[in-house]
Structures are given as structure tokens and as C-alpha cells.
Amino acid sequence: MTEAEFEQAVEQIRQGNKNGLRVIYEAYGDKIYRLFLGKVRKREDAEDLTSDFFLKLWETAPLHQSGKGHRAWMGTIARNMAIDYLRHAGHETPVEDADLTNQESLTERTTAEDTVISDMNAADILSQLSEDEQEIVRMHLAAELTFREIASILKRPLGTVAWKYRNAIGKLKRLAEEGKLV
Amino acid sequence: MTKKDTERLVQQAMQQTIPDKEALWAKIESDLPAQPAFSGIRKTSRSKMRVVYSVMGAAACFLLIVGGLGIWQAARGSKTAMSENKMITADTPKNCDEPAAAPEDKQEQAGAAEEYGEAAAENEAPVMEGIYEDNAVSNDLEDVVGKQSLSPEINAAQSAAAEEPGGSTILSGTIYGDSVGVEADAALRTEAQEVLDAGTAYLLKEPPMTEEARANGVLLGFDLNGQEILLAAYDGRYQLIADGKAYAVSETGKALLDELTAGH
């Protein structure tokens, strides 16, 4: 969705036309869902957060400044919502606080109540990476954000984001060659 | 397996979709209030102030007219001899029917934004400090480039052009995601700079890599006396990364290399 198309949708929202929100939902619903799923790891919670996101977007889209990069803007909102959700739910430290050298496997963090879902394959693959690397890889490959957008959302320099991504892919490549990836 | 294959593998594993997209939309739609909080108002604070100033402007016009009529009547009723040319009349302000232009008032805007809750501020895309202050990459370009896939011919051309006449490869190209990485071997600082310059120049002049590089930055990786160094080049600037730390941003890469290799 181009900036112009997004602005058109926002204008419809301003007029109280739900079709504007529907257009954005169709374009970005799955990507937003993937972002949440990567954070909260439960499909039901990710759906609830996705629903809350678009309800929030209905209220705040008219405040978006045109030409300011709507994807990074929405990504920031989604990330903040996920972090708030994890904090209020009493979950472990959100990804943003993870140490660079933290190699703790994600599978060790899942609770017994977690639903076994097919996307655990993705979690298994990414569990080989640090929290920072996982988040960047998810944002880039699952949510299809550019490095520049990711840098804006994470408040990190563009080069650092690209460097971490490069390292992450390099690690996964080596693991794949060794047959250690699911 | 190439890095591109690895990316594809990981991306396939992460292509989850909302299980029942229509059902979720129905839920969202049913929870939506009739109108958004800011419906019909593009820039709330400015609209409010424009209304205020319009009212003030209209009131000022009214007072001027009334005052002018009063003075005119007083002048007519006066027994002092006055010529017509000297009759005092109130000038009707120009464009009195039009609302007065709302002056810029950033403080008022900020106050009005706060009035609508912290959500307004927290949902703003963060303004990056330092190197991002004048980030003016065209969003249209990003949207075009973001999903562009580079053809194998371009990969081959890049690798082939990087080989020296003797056959040894000084540059090997790797394209992963939407950025380009060039691995270069250089044992000496001088060679590293030459390779860096050559690699950057090559990558930035060959379309569509030029668009890729401009949109997402060029990442050059090289080994300098056993130390892995990365140079991120974007928007005409460079960021040097080594040991996971970003050293500096400058207009050229050379000064950064000098600083970094001073101890070698």
C-alpha cells in the first residue's frame, strides 16, 4: 500500500467510513498478526491484539501525519501494544530489554498452557538467534518491513539493524547447512 | 545453501495468516464506535483554533462596522462644518466575510493534542535524533523497492565484475533481503579503503542496485587484520560497525577507518 493509498483510506476513516479501515486491514492485517504472534507466541492472543490494533487505528489514524511513513508508524504502535500486553500479563522481559548476548532458547520460555501450533516451526528456527536478531528477522521477513522502517521502530541506527540481520541470516545458513534447522 | 535460500526458508516458516480473517474483521467491525474520535477533523488543534479566530475575526468586523456607523452618524449630526472629503468614515476591513487566517501556534497545537490523551503522542512515529533528522527517503521508492527481487543475471554481473584479471576475487556479492552485502578480503588498511571505494562505487552505479542501495543502504563487510568490519553506507553517509558497536557516522569512510585501525 502506497502512502497515497493509505492517506485515502485515512480520509475515509475521518468521514466515519469503515471501508477505509477495511482496506488497511486487508493490506496489513496478516503482517500485523505476524508481528504480534512473534511477540506473544499464542495465536488467540495475537488475534485479540490484532483486533485491538485496528480498533485503535480507527481512533488514531486521523492523527497520522501524511508523508511520515505509515508502515513504520503502524509498526511502532503494534510493537508498543505487544510490549504493554506482555508487561500487564506478567510475562517475561519484553524483547527490547534482552541482552545482546542472550542465547536463551525461546522454547524454554513457553508455558505448559501454550497451544501447540504449526508456527512453532518458525519459533524453533529463530530460537537459535538472540532476541534482538529474532525481532529484526521477524519484522523483515514476516512483516516485510524494510531495514529503514525497522530502524525507525526500534530506534536503532540503520547500519546496526542491517548488521544484526546479516549476522542472523549467516547463523541460520550455517545451521541449515549442518542440518540443525527444523 | 545461499543466504537467499536461507531467507526463503525462514520466510516460508513465518507466513502465518489470520486463521479466519473475515471472522476477525466482523468482530472488529462490530466493536467499532459509530464515528472515530477525530472524524471530520484533519488537524484537530488547527481546526479548533481556526474556528476561534474566525469567530474573533467576525466579532472584530462587527464591532468595526457598528463603531463606524456610530461615528458616521455622529459626524452627520455634528454642526461643525466639514467638507465631504474630510468626512470620517470607518473603513471596512478587507475580506471581512472571510475567516481570519489562523496563525501558527505550536504551543496551542501541543496543548490540543494533549487534550486528546497520551495516545496521540505515543502513536506518533518517533523522530529519530542525529543521523535520522533529515531522513528524506522517498516512501514511494521504498514501496517500489521493498518487494523487488534482483535477477540472477545481476548477481552474476556483480560477481564477475569484481574479479581481477588474474582471477582472484576481491569482491564477492551477496544479496540478502533488500540490501546488498559485499564481502571483501583485505589484509592491509590501504587495500581495504581501495576495496571499499571500488565496491561502493560499483554497487551504487549499477541499476537497479542503485535504487536498492539508496532505499535500504549498502552494507560492506570486510576483514581488516582479522577484525570483521562492516560499513553501512546510506544517504551519503557511513556508519562503521565493529564488534557489534557503531563507531561513528561521517561523510566518508576513510576517517572512520583511520580511527578504527589506529591500533593495528
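A, B, ... follow the sequence lines: proteins, then strands. Residue 1 opens every chain.
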Exercise. Drop me the distance from Met14(B)'s CE to Leu126(A)'s CG, to the nearest 0.5 angstrom.
Key: 5.0 Å

Self-check item: Shortest non-hydrogen contact from Phe54(A) toward Ile28(B)
Solution: CB-CD1, 3.9 Å

Quiz item: Which atom names give the shortest non-hydrogen contact between Asp30(A) and Ile18(B), and what distance separates them?
Solution: OD1-N, 2.9 Å

Exercise. For the residue pair Lys21(B) and Tyr25(A), establish whether any side-chain heavy-atom pair is separated by less than 4.5 Å.
Key: yes

Quiz item: Going from CG on Leu32(B) to CZ on Arg22(A), what distance comes out if it is rounded to the nearest 0.5 angstrom?
Solution: 11.5 Å

Quiz item: Gln15(B) versus Arg34(A): any side-chain heavy-atom pair under 4.5 Å?
Solution: yes

Quiz item: Does any donor atom in the side chain of Arg43(A) or Gln16(B) lie under 3.5 Å from an acceptor atom in the other side chain?
Solution: no

Self-check item: Segment of Val10(A) engaging chain B (4.5 angstrom heavy-atom cut-off)
Solution: neither

Quiz item: Residues in salt bridge (charged side-chain N to carboxylate O under 4.0 Å, His left out) with Asp31(B), at least two apart?
Solution: Lys27(B)

Quiz item: Looking at Lys18(A) and Trp25(B), what are the two nearest heavy atoms and their distance?
Solution: O-CH2, 3.9 Å

Quiz item: Is it the backbone or the side chain of Leu21(A) that comes under 4.5 Å from a heavy atom of chain B, or both, or neither?
Solution: both

Practice problem: Grab the two heavy atoms, one from Trp58(A) and one from Pro33(B), that are nearest each other, plus how far apart they are. | Solution: NE1-O, 3.4 Å

